[in-house]
Chemist: 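This structure is in structure tokens; I'll ask about it shortly.
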Amino acid sequence: MATYKAPIRDMKFVLYELLEGDKLCELPGYEEATRDLVEPILEEAAKITEEVLFPLNRSGDEEECQWNEGKVSTPAGFKDAYTLFREGGWTAIACDPNYGGMGMPKMVNTMVEEMICSANLSFGMYPGLSFGAYTAMHGFATDELKDTYLPKLVDGTWSGTMCLTEPHCGTDLGLCRTKADPQDDGSYLVTGTKIFISAGEHDMTDNIIHLVLARTPDAPKGIKGISLFVVPKYLPDADGEAGEFNNVSCGSIEHKMGIKASATCVMNFDNAKGWLVGTLNKGMQGMFAMMNQERLAVGIQGLGLGEASYQGAVEYAKERLQGRSIAGVKHPDKPADPIIVHPDVRRMLMTQRAYMEGCRAFGGWVSQELDISRKHPDPQRREAADEFVQLMTPIVKAFFTDLGYESANHGMQVFGGHGFIREHGMEQYVRDCRIAQIYEGTNGIQALDLIGRKMPDKAGRLLRRFFHPVQEYIEQNVMDDELGEFVQPLAKAFGRLQQATGQLARVGMAKPEEAAAGATEYLRLFGLVGMAYMWCRMVEVAKDKQDGDEGDFYRAKITTARFYMQKLLPQCSSLFSSIMAGGSTMMELDEDLF
């Protein structure tokens, strides 16, 4: 059986030793986010994820959600677990206190999200989508709509969704056909069908609030004619509770490869009453606020599942007896050595460890900048942080989910044949993790966003938000006696990233297909360099503490960093060569010859 133990010690390392999270309480609005409060929150999150959510992970996968005449029932135990989750305040942790939230920083919420995703991703989809809906409405809805819906989303008695995709349109939302007819009372009647709607229908909350992209009768064609509407399943009554049914129904649910306890729905809106969120024909502003929140959250899903797979693989590798070490018998008292003695098993475990600890640090950095972008009193510092988060959003989403999937596969491989069967739970991590590379914009779309939007934006200013601090760090530390062995590989990889950036920028203007052909490799190159920078910073912290009370923890950090630099970062060389080769070989073959 798979097991899960929240990596609280490493989370505290990232929060308080690497990123100096103690300073969060200096930001306006985060005064109460002191270490004395945050650490108990993390400990309690560990308890509910380990003891309540994780035990439902396998059973939920096996039972799946059930659809019957438009109603969806979640697997046994999910509704009770959600009630405990909601009553514990976990739906409110990062929400505005004006609407009943705890007002905790994104850095803290990211750590909690990781635990939830490790323990039970299917369960996490329900409150995760609600927080995305909350984010969009908090930023763009009228005060009246906020007062009506946000307290219910915050306390978790109502949940939320995002409704973008239609049968004929996914990434190209300009093809959206769902219509919204204006009414005399200021509302709209929304009609259309949306597909792949996570948490679109279920039995865990009193009401479900849908944020729906639609177009009014006189709207311009394409993306410039899209508006955003809030459409509840049940209309709020005079007391603000769920009242009259609003002609929002679930036509079916999808039967999926993974996340089977998360209802993925076909939603039908039949003259359902809705209200405009934001400005008419500018619905993508609000939806992008929600999508960007979800893209960062999906990246954490990759981290969470990769971490869970790593933990299962380590436990198995220590217990499974098979063969003898090629260096000589390690456990003469046993009939065979545990497989953790074998180099190839170590390769997989160390790869998982280096990637997941690297993602945790990298994700913490991005979350910290997101908090700064929202709360820092200096507008220039807020702007710089916001631009950094914009740049990193596609990288976190795509890079983290790619690595999470790789880690899940490594974990299954460590188990050998036992990993391929359901009993040990490892194959579920592979299945569950695979969707993360697809939804909220496929990873290929994230790569195109990086080179097509983020790279040229503001004459490359977003890139400088990353390039400048990394360059400065390298210059300051490359000759350091203790850090040099880590910073020098970073410097070489960073140089390749700079050259690749220049190449794609040059060819992109004249031959956009050439740039697009290298986009996915460029995103991974960028991610690897960003992670190398975080590993250097982790070593900088660990090197001064390796002889102290927790010396084993810090020495393990340094060893893992060394593995990353020597065994994983060298990928940058092949990625760079492929990027520089251009895209002619992938585009010249005639379509009819495929």
Side-chain angles (χ1 to χ4, degrees), residues 171-172 223 284-285 288-289 291-292 295-296 298-299 362-363 365-366 369-370 373 382-403 437 440-474 490-534 569 571-584 586-587:
T171 301
D172 189 357
I223 202 74
M284 292 309 298
Q285 292 179 343
F288 266 121
M291 287 172 65
N292 286 332
R295 285 171 176 171
L296 292 171
V298 169
F362 201 161
W365 181 29
V366 176
E369 291 297 303
L370 185 57
S373 75
R382 288 200 306 272
E383 180 183 46
D386 179 67
E387 290 175 350
F388 175 82
V389 173
Q390 288 182 51
L391 173 68
M392 289 299 166
T393 295
I395 297 171
V396 169
K397 193 279 180 186
F399 185 57
F400 284 27
T401 57
D402 282 347
L403 298 188
Q437 296 168 292
E440 300 307 331
T442 65
N443 287 0
I445 293 295
Q446 305 304 318
L448 291 175
D449 178 46
L450 177 61
I451 68 159
R453 290 196 182 106
K454 305 304 168 56
M455 182 189 292
D457 193 24
K458 299 178 182 177
R461 196 166 79 192
L462 271 63
L463 288 174
R464 293 194 288 274
R465 301 301 185 189
F466 173 81
F467 281 24
H468 285 183
V470 174
Q471 182 65 50
E472 182 179 353
Y473 184 87
I474 291 170
L490 167 64
K492 291 179 181 178
F494 182 60
R496 293 187 178 98
L497 176 62
Q498 290 175 304
Q499 286 182 265
T501 301
Q503 172 71 4
L504 292 182
R506 284 190 297 273
V507 302
M509 290 185 289
K511 300 178 180 179
E513 276 190 345
E514 283 285 295
T520 292
E521 292 152 323
Y522 178 76
L523 186 147
R524 188 176 181 97
L525 174 60
F526 207 131
L528 287 166
V529 172
M531 186 172 285
Y533 171 60
M534 297 311 294
L569 190 60
Q571 297 171 59
C572 293
S573 296
S574 61
L575 290 166
F576 175 73
S577 296
S578 182
I579 292 167
M580 300 302 283
S584 60
M586 70 174 69
M587 301 306 297

Chemist: Does a sphere of radius 6.0 Å around CZ in Arg461 hold more than 12 heavy atoms from other residues, nucleotides or ligands, not counting ones at 6.0 Å or beyond?
Modeler: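 Yes.
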Chemist: Which atom names give the shortest non-hydrogen contact between Leu504 and Gly518, and what distance separates them?
Modeler: CD1-O, 4.5 Å
Chemist: List for me each residue that meets ring-ring contact (aromatic ring centres under 6.0 Å, His included) alongside Tyr533, sequence neighbours excluded, and say none if there are none.
Modeler: Trp365, Tyr473
Chemist: Can a donor-acceptor pair be found, under 3.5 Å and without considering hydrogens, that links the side chain of Lys454 to the backbone of Asp449?
Modeler: no
Chemist: Only one of Leu575, Val529, Ile579 passes side-chain contact (heavy atoms from CB on, under 4.5 Å) with Arg524; say which it is.
Modeler: Leu575
Chemist: Taking atom CD of Gln390 and atom OG of Ser373, what is their separation to the nearest 0.5 Å?
Modeler: 9.0 Å
Chemist: So which heavy atom on Leu490 is nearest to which on Ala532, and how close?
Modeler: CD1-CB, 3.9 Å
Chemist: Could you tell me the separation between the CE atom of Met455 and the CG atom of Leu448, rounded to the nearest 0.5 Å?
Modeler: 11.0 Å
Chemist: Using only atom types and a distance under 3.5 Å, with no angle test, would you say the side chain of Ser574 pairs donor to acceptor with the backbone of Gln571?
Modeler: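 Side chain of Ser574 to backbone of Gln571, a donor-acceptor pair under 3.5 Å: yes, one is there.
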Chemist: Give every donor-acceptor pair under 3.5 Å between a side-chain atom in residues 462-469 and any protein atom, sequence neighbours left out.
Modeler:
unit_1: Arg464; atom_1: NH1; unit_2: Ala459; atom_2: O; d: 3.2
unit_1: Arg465; atom_1: NE; unit_2: Glu387; atom_2: OE1; d: 2.8
unit_1: Arg465; atom_1: NH2; unit_2: Glu387; atom_2: OE1; d: 2.9

Chemist: Is there a side-chain contact between Met587 and Lys511 (heavy atoms, below 4.5 Å)?
Modeler: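 Result no, sub-4.5 Å side-chain heavy-atom pair not found.
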Chemist: Check whether Arg295 reaches the backbone of Glu440 with its side chain - one donor and one acceptor, N or O, closer than 3.5 Å.
Modeler: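 Present.
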Chemist: Only pairs under 3.5 Å count here: list side-chain donor-acceptor contacts from residues 391-399, not counting sequence neighbours, and write none if there are none.
Modeler:
unit_1: Thr393; atom_1: OG1; unit_2: Val389; atom_2: O; d: 2.7
unit_1: Lys397; atom_1: NZ; unit_2: Ala436; atom_2: O; d: 2.9
unit_1: Lys397; atom_1: NZ; unit_2: Tyr439; atom_2: O; d: 3.0
unit_1: Lys397; atom_1: NZ; unit_2: Gly441; atom_2: O; d: 2.9
unit_1: Lys397; atom_1: NZ; unit_2: Asn443; atom_2: OD1; d: 2.8

Chemist: Which heavy atom of Gly582 sits nearest a heavy atom of Glu514, and at what distance?
Modeler: CA-OE1, 3.4 Å
Chemist: Looking at every non-hydrogen atom in both residues, tell me the closest pair between Ala493 and Cys572 and how far apart they are.
Modeler: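 That closest heavy-atom pairing would be CB-SG, 3.9 Å.
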Chemist: Which heavy atom of Ala517 sits nearest a heavy atom of Gly583, and at what distance?
Modeler: CB-CA, 3.5 Å
Chemist: Could you tell me whether the side chain of Leu497 reaches within less than 4.5 Å of the side chain of Tyr522, counting heavy atoms only?
Modeler: yes
Chemist: Evaluate the side-chain proximity of Ile445 to Thr442: yes if any heavy-atom separation is below 4.5 Å, no if none is.
Modeler: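 Yes; the side chains approach each other to less than 4.5 Å.
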Chemist: Nearest 0.5 angstrom please: Glu521 CD to Ile451 CD1, how far?
Modeler: 11.0 Å
Chemist: Does atom CD of Gln471 have more than 12 heavy-atom neighbours, drawn from other residues, nucleotides or ligands, at distances under 6.0 Å?
Modeler: yes
Chemist: Show the nearest heavy-atom pair for residues Gly444 and Thr520, with the distance to one decimal.
Modeler: CA-OG1, 4.2 Å
Chemist: Working to the nearest 0.5 angstrom, can you tell me the gap between Thr501 OG1 and Phe494 CZ?
Modeler: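 Reported to 0.5 Å precision, the distance equals 8.5 Å.
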